[in-house]
Asks: 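Below is the structure I would like to discuss, written out as structure tokens.
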Amino acid sequence: MEGASWAGRRSAILVAALASAAALLDLGSFHRLEQGDSLIPVLVSLQRWTPFFWDQERFGMLVPLLALPVRDPLANLLLQRALTAFAGLAALLLLARHALAGRDWPLAGLLAAGALLLLAPAPWLFEYLASQPYGLSTALALGGLAVAERAPPGSEGASPAASWTRLPWLRPAAALLLVVAAHWVNAVAGIVLLGLAVARAGAELLEGAPRAGVRERLVREVGLLGAGLAAGQVFLRLYPLLTGHRLRLAMGTLPVERWPGAWTSFFGLAWHDERRWGLALVAIAAAGVALLLTRPLRPQLAGALVRAGALLAAALGYALFAGALEWVEANAFHWRYLAPSALLVHLAAVSLLAEPLARLQRLAPAAGRAALAFVPAAALAVYGAPSLAHVRADLDAATGARTEDVLTAGCELVAGDYWSVWPTVWHAALVARERGISRSVYGITHRSNPTVPRWKGRPPESLRICRPAGEEEHAERWLRAFHLWPVRIVGRQGTVDVLVPVGEASATSGTTPAASR
């Protein structure tokens, strides 16, 4: 019982360190990079919740569902960011627990989380912690694998569910629920973890672990992840039934002869954008290896390299898989699709430094305490002192350029470019709520289909549409798509033209599925 009690206290301490870091970045300068993609989940929660990201079949809206009771636009955004940032940092800690069993994985995970905040490029970090599903889905899936473990309470790899022995059905059910939820959030979450499970099993065998135990764990994890991936495919196929729109995801892979060129483009673009981060990781790994080459620590070098090698092998496997997908090519091999591999490479490098710090008896206790403080300290160093006033100022600058004009003009719709419409819609909702204005503002652009029922029953001549200055072509495209064309200009209010549908336009004639971006 004493071991189980310590495991519970340790878990609470680790959660507190990550949660404090998530809160600090959420109340710091993190929001300067808010944009259309990052704000749509907030609007999903505020305007119309759907099971998936609007007009997309790959990103399950779990966090917007959890935030649904919070109707204030600013509070909803802050809650969603806190949840996704916490999950993104927790994913690294859970990866360390998963891949570095038998070692000081809390130290490695905390150092990796703090180093991620300090080293990762700001755009990458914002995408990972706010806009993309990788952190949340990885944390959920690893949480499910942890719950499924059968280790005794108090052991090094003890499961958080070890006290559930009186309800033997509850542990596998909870594990499966978490893994399926991960694949709702991200339909292919299990691919990288399948590779890691195989690579880690190989590492354990090289280190002399009993084959029976390695086989049992591998079979259990492959079964859970396979069930999750199957559920993810079911979710994808359900999309047309739930939305009435066809599946737009390019499901296939590129022809085999094109894989080398695709991988070259994929890795080359990632290195170009993240070179400084990569070089810093090389330096960290080199420092760790240098320490492990010293006489007292030399026996630990082989094991540390084997575990880091397992992480790198899984990272390479996932990168090769992603780089061969039609969808990734269609999106110009953007570096965000390498996020799972980047996490594994990052953890591999940091684990090589954590190993000697944990093995040196004089340093280990202080290193553990410092690592707990390191994560929130890194958040504070990168994003500054917490200030709700500064958060609001950053959001006003990033999203509020047209809000005053839209509200003054009395517009219910904003039509134009994706990257200007959605920030304006969110900020208009924020200011309208603060001023007690009951009128809602909706977007007419890419990903607008889910909110069309909110306004399509109104007479066209009663609709006032704001068009950002200089976005005439974008606006016309989307107004035509949603049967609101032609229009006439009835005035200009600062940064927007004010339009009213005329002629044959009809707000009751349905929607046209927006083209994928």
Side-chain angles (χ1 to χ4, degrees), residues 1-25 85-86 88-119 139 142-143 146 149 151-160 162 280-281 283-294 296-301 303-305 307-308 311 343-344 346-382:
M1 291 298 294
E2 183 179 351
S5 175
W6 160 238
R9 289 198 303 272
R10 181 179 65 180
S11 296
I13 293 169
L14 294 174
V15 167
L18 299 181
S20 60
L24 284 168
L25 72 86
F86 174 79
L89 296 174
L92 269 170
L93 196 68
L94 289 167
L95 277 171
R97 181 189 185 280
H98 186 72
L100 303 174
R103 288 167 166 76
D104 193 342
W105 60 263
L107 175 62
L110 290 169
L111 290 178
L116 188 77
L117 294 174
L118 290 175
L119 300 178
L142 288 169
E149 290 177 5
S155 68
E156 181 63 25
S159 165
L281 292 179
I284 289 171
V289 170
L291 288 173
L292 289 167
L293 284 170
T294 59
L297 296 174
R298 198 169 299 162
Q300 311 302 328
L301 176 61
L305 290 175
R307 290 305 178 110
L311 288 162
L343 287 184
L344 294 176
H346 180 88
L347 178 60
V350 175
S351 72
L352 291 173
L353 180 59
E355 183 77 9
L357 295 179
R359 298 290 183 178
L360 292 170
Q361 293 184 358
R362 293 182 179 181
L363 284 180
R369 291 190 294 270
L372 284 168
F374 177 50
V375 187
L380 191 63
V382 174

Asks: Tell me every residue that passes ring-ring contact (aromatic ring centres under 6.0 Å, His included) with H346, counting only those two or more places apart in sequence or in another chain.
Replies: W277

Asks: With a 4.5 Å limit on heavy-atom distance, are the side chains of L293 and V289 in contact?
Replies: yes

Asks: Going by side chain to side chain contact (heavy atoms under 4.5 Å, CB included), name the residues that satisfy it together with R369, two or more places apart in sequence or in a different chain.
Replies: P365, A366

Asks: Counting only pairs under 3.5 Å, give me each side-chain donor-acceptor contact of residues 350-357, with atom names and distances, residues two or more places apart or in other chains.
Replies:
| from | atom 1 | to | atom 2 | distance (Å) |
| --- | --- | --- | --- | --- |
| S351 | OG | L347 | O | 3.4 |
| S351 | OG | A348 | O | 2.7 |
| E355 | OE1 | R103 | NE | 3.4 |
| E355 | OE2 | R359 | NE | 2.9 |
| E355 | OE2 | R359 | NH2 | 3.1 |

Asks: From L305 CG over to Q300 CD, what is the distance, rounded to the nearest 0.5 angstrom?
Replies: 11.5 Å

Asks: How about R298: does its CZ atom have over 12 heavy atoms from other parts shown lying under 6.0 Å from it?
Replies: yes

Asks: Over all heavy atoms of both residues, which pair between V375 and G114 is shortest? Give the atoms and the distance, please.
Replies: CG2-N, 4.0 Å

Asks: Output all residues satisfying side chain to side chain contact (heavy atoms under 4.5 Å, CB included) with L380, sequence neighbours left out; order by chain, then residue number.
Replies: L24, P386

Asks: Could you tell me the separation between the CG atom of L111 and the CD1 atom of I284, rounded to the nearest 0.5 Å?
Replies: 9.0 Å

Asks: Identify the heavy atoms of A371 and L107 that sit nearest to each other, and give their distance.
Replies: CB-CD1, 3.7 Å

Asks: For A17 versus L110, what's the shortest heavy-atom pair and its separation?
Replies: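 Minimum heavy-atom contact is CB-CD2, 4.4 Å.
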
Asks: Between atom CG of L14 and atom CG of L18, what is the distance when rounded to the nearest 0.5 Å?
Replies: 7.0 Å

Asks: Can you list the steps and then say if L360 with L291 is a side chain to side chain contact (heavy atoms under 4.5 Å, CB included)?
Replies: CA-CA 10 Å; L360 292 170; L291 288 173; 5.5 Å; no

Asks: If you measure from CG on L95 to CH2 on W105, what distance do you get to the nearest 0.5 Å?
Replies: 11.5 Å

Asks: Tell me every residue that passes side chain to side chain contact (heavy atoms under 4.5 Å, CB included) with V382, counting only those two or more places apart in sequence or in another chain.
Replies: L118

Asks: Shortest non-hydrogen contact from A358 to A364?
Replies: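 Scanning both residues completely, I find the closest heavy atoms to be O-CB, 3.5 Å.
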
